[in-house]
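Following: one structure in structure tokens, then a few remarks.
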Number of protein chains: 2
Amino acid sequence: MKSSKKNIGAESGAKKLTPQREAVFKVIVDREDHPTAGEIFEAARQRLPSISYATVYNSLRYLKEAGLVQEIRFGDSASRYDGITDRHDHAICNECGKLVDFDLPQTAQLMQAAARKSQFKPESVHLTLRGLCADCREYQ
Amino acid sequence: MKSSKKNIGAESGAKKLTPQREAVFKVIVDREDHPTAGEIFEAARQRLPSISYATVYNSLRYLKEAGLVQEIRFGDSASRYDGITDRHDHAICNECGKLVDFDLPQTAQLMQAAARKSQFKPESVHLTLRGLCADCREYQ
DNA sequence: TAGCGATTTAGAATTAGTCTAAATCCAGAT
DNA sequence: ATCTGGATTTAGACTAATTCTAAATCGCTA
């Protein structure tokens, strides 16, 4: 149950994914929006009609643990998944909920300071900007 | 539905809350942890035995919109509520899930830069640190 | 005090996600 | 080629969180 497969995202076995995990992964990477598990299920079904919901969740857990995707969760109901695994930040539109990636390198530099303030041993930092996306600000 | 009550957290009508909303608000403010809706329901019930779950959720929505509390949502299942309404940041323990408040003023200064990168009209920024809390790092 | 909008209530409904147990798959041993 | 055990997949039941609904109640203001 603890598993010993650490060689997933590494140089060697990048092709060891099962067809289901592969399909789930492809769905996430192929779209620049950040699909929910439900959306991933629908899309994966296109390629692999027999795939089940449970398998999507199993695959997502697996891919997350393998560091191939990232789970993002904000005020809305469902988690979203992001295929960009480099450190980056997110902007969420308060009007339409759109989620946009961006990278503000300064964020990473705040990690030590944040660790000091919080007394945590730091592992990652993430900045969230809330506001109005380009589309929504037009109509304000 | 859009409502025009902007005078809630302001100087004037800080006492306009209904008993239920008051109770929910007090629960959140009186504890320094970040209770879930379920925990708030249990605690509010102590003061107001007839309060219902739906009212807790209604009150939470109301208080959020009034700017009196903040909803926080991370990888776990349930949303948590925070009575500190000044801008601040959060650290979450990857081991035990503990949630700690801190303020890194530099974060606020990144808002314009983040807005530029994301093309958003900015409204708020928030930094999330993940790592190990003081308790958990002892056992690593 | 009658009427009206806002609020509260209980419980049903919905949604996201997890669990379970049986079926299937696959790699290595025979 | 066949057997076997572990990992994976599947359908569907289950759980937990949250929202919805419709009736009851509250608190004004006319």
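Quick note on labels: first sequence line is chain A, next is B, and so on, each numbered from 1.
Comparing A:Asn58 and A:Ala37 by the nucleotide of DNA chain C that holds the closest heavy atom to each, the one mapping nearer the 5' end is A:Ala37. Along DNA chain D, the nucleotide nearest to A:Val56 and the one nearest to B:Ala54 differ in position, and the one closer to the 5' end is contacted by A:Val56.
In this structure, B:Asp101 contributes its side chain and B:His90 its backbone to no donor-acceptor pair below 3.5 Å. Checking side-chain atoms of A:Arg80 against main-chain N and O of A:His34 turns up a donor-acceptor pair under 3.5 Å. In this structure, B:Ser59 contributes its side chain and B:Thr55 its backbone to a donor-acceptor pair below 3.5 Å. The backbone N or O of B:Tyr62 lies less than 3.5 Å from no partner atom in the side chain of B:Glu65, so there is not a single donor-acceptor pair.
To the nearest angstrom, P of C:dT18 lies 18 Å from OH of A:Tyr62. The distance between atom CZ of B:Phe41 and atom C1' of C:dG11, rounded to the nearest whole Å, is 12 Å. For B:Leu17 and C:dA6, the CG to C1' distance is 14 Å, given to the nearest whole Å. As a whole-Å value, the separation of A:Leu48 CG from D:dT8 P is 16 Å. Residue A:Arg80 contributes atom CZ, which lies 15 Å from atom P of C:dT15 at whole-angstrom precision. At whole-Å resolution of the value, OH in B:Tyr53 and C1' in D:dC20 are 16 Å apart. Atom CD in A:Glu22 sits roughly 18 Å away from atom P in C:dC25 (whole-Å rounding). What separates CD1 of B:Ile51 from P of D:dT25 is a distance of 18 Å, to the nearest Å.
Listed pair A:Arg61 / C:dG17 fails the phosphate criterion, with no side-chain N or O lying under 4.0 Å from OP1 or OP2. For C:dC25, the OP1/OP2 oxygens have no side-chain nitrogen or oxygen of A:Gln20 closer than 4.0 Å. Remark: B:Arg21 is in phosphate contact with C:dT8, judged by side-chain N or O atoms under 4.0 Å from OP1 or OP2. Within the structure, every side-chain polar atom (N or O) of B:Tyr57 is placed at least 4.0 Å from both OP1 and OP2 of D:dT19. Checking the phosphate oxygens (OP1, OP2) of D:dT8, no side-chain nitrogen or oxygen of A:Thr18 falls inside 4.0 Å. Between A:Thr55 and the phosphate of D:dT10, there is a side-chain N or O to OP1/OP2 separation shorter than 4.0 Å.
As judged by a 4.0 angstrom heavy-atom cut-off over every strand, A:Ser50 is placed among residues touching the sugar-phosphate backbone only.
The 12-atom threshold is exceeded at NZ of B:Lys64, counting heavy atoms of other residues, nucleotides or ligands nearer than 6.0 Å.
The side chain of B:Ala78 sits closest to D:dT18 out of D:dT18, C:dG17, D:dT10. Here D:dT18 is the nucleotide among D:dT18, D:dT10, C:dA10 with the atom lying nearest to any side-chain atom of B:Arg73.
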